[in-house]
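One-based numbering, in listed order, for ligands and for the atoms of each. Just the heavy atoms: all of them, side chains too, but no hydrogens, waters or symmetry mates, feed the values below. What you see is a predicted model, and the numbers here were worked out from it, not measured in a lab.
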Amino acid sequence: VRPDVIVVGAGFGGLLVACEVARRGGRPLVLEAGPAVGGVAATVHDGDYLLEPAAGSFLLPHPHLTPILESARARVVPAEATAHRRYVYDRGGLFEIAGPAAIATRLVSGRGKLRLLREPWVRTRPTSADESLRGFLERRLGPEGGRMGATLMAHGVFAGDPDKLSARAAFPAMVALDDDAGSLIRGGLARRRARPKDAPRAGLHIAPNGMAGLAAELAASLGDDLRLEWPVDSVRRDGDEWVVGGRGEERSPAVVVALAPAEAARVVPGPLAPLLNEARAAPVAVVGLGGHAADLPVPSGVGALTGPDGG
Ligand SMILES: Cc1cc2nc3c(=O)[nH]c(=O)nc-3n(C[C@H](O)[C@H](O)[C@H](O)COP(=O)(O)OP(=O)(O)OC[C@H]3O[C@@H](n4cnc5c(N)ncnc54)[C@H](O)[C@@H]3O)c2cc1C
């Protein structure tokens, strides 16, 4: 049977697209170059330690993710309470930034905090049609809180540069608060009021066997609609069909290329490739440290982000 959608790549992007197609009653066909699924989220097991080299947790319930995980019967469990503790390394010290400790944090000066609290009454206009993340947050939160917030968001989510990331492209929901209400705080409160009272709050979840285990469960739910060691080398249009070439040829009315931009540039048709090649990937090194909690020189929690003056 001809697939409804061919998905190139079985990282989490490709797997979730394919599971959603199947959930809606369509037939996906996933073509993966490697011998295993999961892509960069390849959990490392070393003795009793489990290291996630990429995404390791997610917020649930989620309007799109929850139905996919449920229909694929993938197992997820709430993360431990300590996973909600977060820290920032800045000016030579660790500052806790999540939970009640955030209010008392000395990461931002008293003056900086006062400016943050004035945000709902500060009237500003965008300085350009596509403000940088830092420009946007400094305009809304003041120079100190804005610089700190932009640095942490850029480092934490994109391993990126707050001066180069577009606020609107990187954090569209946040910019929409300002568009709608003229203030992040007022917009956030309005959104909270609009939420149904009984709507469950999203909480951090993990997969009991790591992300690789979760990827294997999603793959199992796809059965024969997933092929490993099937590297795709071309995607081209032929009439009203897409033709995907590699270890043979597959055809379908739709194709999703779920690869990193540089890899996608090698397989997609001509005009798209130069655009994809312009995308910059952050240079990320992942280092795993393990030990007994009592011996570690850091408090327990999900990790530490580096602040603007963290070196
Ligand atoms: C340290 C770190 C922390 C992160 N933390 C988070 C987080 O907290 N939350 C979050 O949402 N995200 C996080 N991410 C990002 C997230 O892990 C990735 O965005 C996501 O796993 C990428 O999935 P993908 O499917 O897009 O790509 P990939 O994982 O790169 O998968 C692409 C797949 O395509 C295959 N492939 C390549 N070329 C071909 C070809 N020619 N033909 C067929 N198959 C091919 C590859 O073998 C691979 O399996 C983090 C990333 C890192 C590095």
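Protein non-hydrogen atoms do not reach within 4.0 Å of atom 19 (O) of ligand 1. For atom 11 (O) of ligand 1, no protein non-hydrogen atom is found at a distance below 4.0 Å. Distances from atom 15 (C) of ligand 1 to the protein include no heavy-atom value under 4.0 Å.
Remark: Asp295 CG is packed, more than 12 non-hydrogen atoms of other residues, nucleotides or ligands lying under 6.0 Å away. The environment of CZ in Arg237 is crowded: more than 12 heavy-atom neighbours from other residues, nucleotides or ligands sit within 6.0 Å. Within a 6.0 Å radius of CZ in Arg106, no more than 12 heavy atoms belonging to other residues, nucleotides or ligands are found. Summarising the local packing, CD of Glu80 is surrounded by 12 or fewer heavy atoms from other residues, nucleotides or ligands at distances under 6.0 Å.
In this structure, the ring of Phe58 has its center no less than 6.0 angstrom from the ring center of Phe12.
Ligand 1 is never approached by Ala260 to a heavy-atom distance shorter than 4.0 Å. Look at Pro53 and you'll find a heavy atom under 4.0 Å from some atom of ligand 1.
Annotation: Val232 places an N or O atom under 3.5 Å from an N or O atom of ligand 1; distance criterion only. Residue Ala55 has at least one nitrogen or oxygen atom sitting less than 3.5 Å from a nitrogen or oxygen atom of ligand 1, judged on distance alone. Geometrically, ligand 1 and Glu32 share a nitrogen or oxygen pair separated by less than 3.5 Å. In terms of polar-atom proximity, Val8 is not counted as a contact of ligand 1, lacking any N or O under 3.5 Å from an N or O of the ligand. Note: no N/O pair closer than 3.5 Å links Val267 and ligand 1 by distance alone. Inclusion of Gly13 in the set of residues having an N or O under 3.5 Å from an N or O of ligand 1 is warranted.
The option with the heavy atom closest to atom 27 (O) of ligand 1, from among Ala54, Ala258, Gly9, is Ala258. When the heavy atoms of Leu259, Val37, Val7 are ranked by distance to atom 39 (C) of ligand 1, first place goes to Leu259.
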**Q.** Stepwise side chain to side chain donor-acceptor pair (under 3.5 Å) test for Asp130 and Ser166
**A.** CA-CA 6 Å; Asp130 191 20; Ser166 147; 2.7 Å; yes
Q. Side chain to side chain contact (heavy atoms under 4.5 Å, CB included) between Tyr87 and Leu305: does it pass, once the steps are laid out?
A. CA-CA 6 Å; Tyr87 301 86; Leu305 293 168; over 6 Å; no
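In this structure a side-chain-to-backbone donor-acceptor pair under 3.5 Å is present from His62 to Leu65.
Under the 6.0 Å distance and 45° angle rule, Arg236 does not count as a cation-pi partner of Trp242.
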